[in-house]
Amino acid sequence: MILSIIFSILSLFLFFCQLFTLTKGGRFYITGIFQILAGLCVMSAAAIYTVRHPEWHLNSDYSYGFAYILAWVAFPLALLSGVIYVILRKRE
């Protein structure tokens, strides 16, 4: 999960750098790739957390909590953001 935060922040800084250095009509490939990597890191962290606690599936006294659900919501949003960055072109 920490890796995904690092990739997201790096993606934001790369976006600002590419915003000022990219030629007109260029695509934000590097930013999109780092954002997709952030989404994949979120998915793998949530999946590992799910697999590490199999006893929670059988016993209903425990729950994953809101942070777990937030991680699974953040996964498709980060992937979608990465795809939009790759498709996005720079205007004037």
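Note that these values count all heavy atoms, side chains included, but never hydrogens, waters or copies made by symmetry.
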Joint hydrophobic cluster, Y49 plus M43, side-chain heavy atoms closer than 4.5 Å:
yes

Would Y68 and T50 count as having a side-chain donor-acceptor pair, cut-off 3.5 Å?
yes

As a test of understanding, state which of I87, L22, V86 forms a side chain to side chain contact (heavy atoms under 4.5 Å, CB included) with F28.
L22

Indicate yes or no for a side-chain donor-acceptor contact from S4 to the backbone of C41 under 3.5 Å, with no hydrogens or angles considered.
no

T21 side chain to C17 main-chain N or O, any donor-acceptor pair under 3.5 Å?
yes

Nearest non-hydrogen partners of G32 and Y85, listed with the distance:
CA-CB, 3.6 Å

Mind checking who shares a hydrophobic cluster with F7, ILVMFWY linked at side-chain heavy-atom distances under 4.5 Å?
L3, L10, L14, I30, I33, F34, L37

Compare every heavy atom of G82 with every heavy atom of I36, then report the nearest pair and how far apart it is.
CG1-CA, 3.8 Å

Side-chain donor/acceptor of R27 to backbone N/O of L88, under 3.5 Å:
no

For S11 versus Q35, what's the shortest heavy-atom pair and its separation?
OG-OE1, 3.1 Å

Taking the hydrophobic residues Ile, Leu, Val, Met, Phe, Trp and Tyr, and joining any pair whose side-chain heavy atoms are under 4.5 Å apart, which ones share a cluster with I2?
I6

Check for me, please, whether W72 and L79 land in the same ILVMFWY cluster - side-chain distances under 4.5 Å, paths through other members count.
yes

